[in-house]
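A quick write-up on the structure given underneath.
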Protein chains: 2
Amino acid sequence: MPYKPTGFSSHDHDGCIAQGMQAAEAFCAAKGLQLTPVRRRTLEILLQAHEAMGAYDVLARLSQDGFGDKPPVAYRALAFLQDHGFVHRIERLNAFVACARPGADHDPAFMICRSCGKVAESELSGSGLTASARESGFVIEQTVIEAEGLCPGCQP
Amino acid sequence: MPYKPTGFSSHDHDGCIAQGMQAAEAFCAAKGLQLTPVRRRTLEILLQAHEAMGAYDVLARLSQDGFGDKPPVAYRALAFLQDHGFVHRIERLNAFVACARPGADHDPAFMICRSCGKVAESELSGSGLTASARESGFVIEQTVIEAEGLCPGCQP
DNA sequence: TCTTGTCTTGTTATGTTATAACGTTCATTC
DNA sequence: GAATGAACGTTATAACATAACAAGACAAGA
Ligand SMILES: [Zn+2]
Ligand SMILES: [Zn+2]
Ligand SMILES: [Zn+2]
Ligand SMILES: [Zn+2]
């Protein structure tokens, strides 16, 4: 069943924050991972923002909340969240977004509006790429799929 | 006709350098663009390397050749080449590669070996992404498609 | 209990990537 | 021969990211 991206449309945002936190809690509990205060707060910040944030922006929020204010504090929390799929990195923006489909095992793709900066998470296409990889003997482990353009609200 | 990536296999490299330079010259002549010495040399450097290079690595080569040694020198030349499709940026690596299909109007995809660092240019798949974009009203202008994994020579 | 090891957080310091802003040169155009 | 615009170079700074070390928490095992 196709996933309907919510990035550009209004939605129950409180619900999607709660859902994201719950998914992370459940996952960590199940796997014996430590969702510590910094990590938890970092995820909350990204879920609340519901847009891509730079590591230093996240860091500023964290330090406001009494956590450390040095880059590694943010980068480490983000790395943890990223490693376990709660957060994705947007290479094109050097920024991070909370996963829009927490819990689902997926290979995300993104649409990035160059006008308003909003980012929507979508599904992986793959097809042509995997075919080309197979043909050349390349083994794909991870993919970066990011489309840049104009979101519905930013078109003339 | 499908494009056969040469990134991971041996090939007529002198030929591919010459072809890349000729394509750029022809294109610039046709469009009235200035393929100035720095720009030309920057493209040569990337074609010769035949792998992704960071802007500062390119800059080091340029300055050896008597060009400026400050970042904007490299970034500007790279931006020109990128704007006209002679060079692609690899977001995942914060690096640049010469286009493997100079002259062809294309939307590139890349395979990046995490072991040896080689990068092969391939074709765009799109499909799933364009479908998702259409559904949500997003207008795609550019895509970043980068697969990371192991090239044929680096597999166990 | 004491010790040992692992994990987490924090700090200092530094490294890497990228751009803003300004001045100069040179060719084109009026 | 002034005005315009493109390209290049410089200075300075911004933005992004990590290496390396110290200290506390806590559990496993001697
Ligand atoms: Zn996701
Ligand atoms: Zn928009
Ligand atoms: Zn080649
Ligand atoms: Zn390899």
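These values consider heavy atoms only, across backbone and side chains, with no hydrogens, waters or symmetry-generated copies. Naming: A, B, ... by sequence-line order, numbering from 1 per chain.
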Ignoring backbone atoms, test whether [X] places a side-chain nitrogen or oxygen under 4.0 Å from the OP1 or OP2 oxygen of [N].
X: B/Gln34; N: D/dA6; answer: no
X: A/Arg89; N: D/dA17; answer: yes
X: B/Arg39; N: D/dC8; answer: yes
X: B/Tyr56; N: C/dT17; answer: no
X: B/Tyr75; N: C/dT19; answer: no
X: A/Lys70; N: C/dT11; answer: yes

Determine whether a donor-acceptor pair (N or O, by modelled atom type, separation under 3.5 Å) exists between the side chain of B/Glu51 and the backbone of B/Gly117.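 No, B/Glu51 side chain to B/Gly117 backbone: no donor-acceptor pair under 3.5 Å.
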Any side-chain to backbone donor/acceptor pair from B/Glu121 onto B/His88? Under 3.5 Å, distance only. no
Plane angle bin for [Y] and [X] - parallel if under 30°, tilted between 30 and 60°, otherwise perpendicular:
X: A/His50; Y: A/His13; result: perpendicular
X: A/His84; Y: A/Phe27; result: tilted
X: B/Phe86; Y: B/Phe80; result: tilted

Counting the atoms with a prime plus P, OP1 and OP2 as sugar-phosphate, which does A/Asp69 contact under 4.0 Å by heavy atoms, base, sugar-phosphate, or nothing? sugar-phosphate
Can you measure [X] atom [atom1] to [N] atom [atom2] for me and round it to whole angstrom units?
X: A/Phe67; N: C/dT8; atom1: CZ; atom2: P; answer: 15 Å
X: B/Leu62; N: D/dC8; atom1: CG; atom2: P; answer: 11 Å
X: B/Leu59; N: C/dT19; atom1: CG; atom2: C1'; answer: 14 Å
X: A/Leu93; N: C/dT17; atom1: CG; atom2: P; answer: 19 Å
X: B/Asp83; N: D/dA7; atom1: CG; atom2: P; answer: 11 Å
X: B/Leu78; N: D/dA7; atom1: CG; atom2: P; answer: 15 Å

Look at the side chain of A/Thr36 and decide which nucleotide, out of C/dT9, C/dT19, C/dA18, has an atom nearest to it. C/dT9
Of A/Phe80 and B/Phe96, the one whose closest nucleotide on DNA chain C sits nearer the 5' end is A/Phe80
With nearest nucleotides of DNA chain D determined for B/Gly66 and B/Pro71 from heavy-atom distances, which residue corresponds to the more 5′ nucleotide? B/Gly66
Contact nearer the 5' end of DNA chain D, comparing B/Asn94 with B/Val73: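 Whichever sits nearer the 5' end wins; that is B/Val73.
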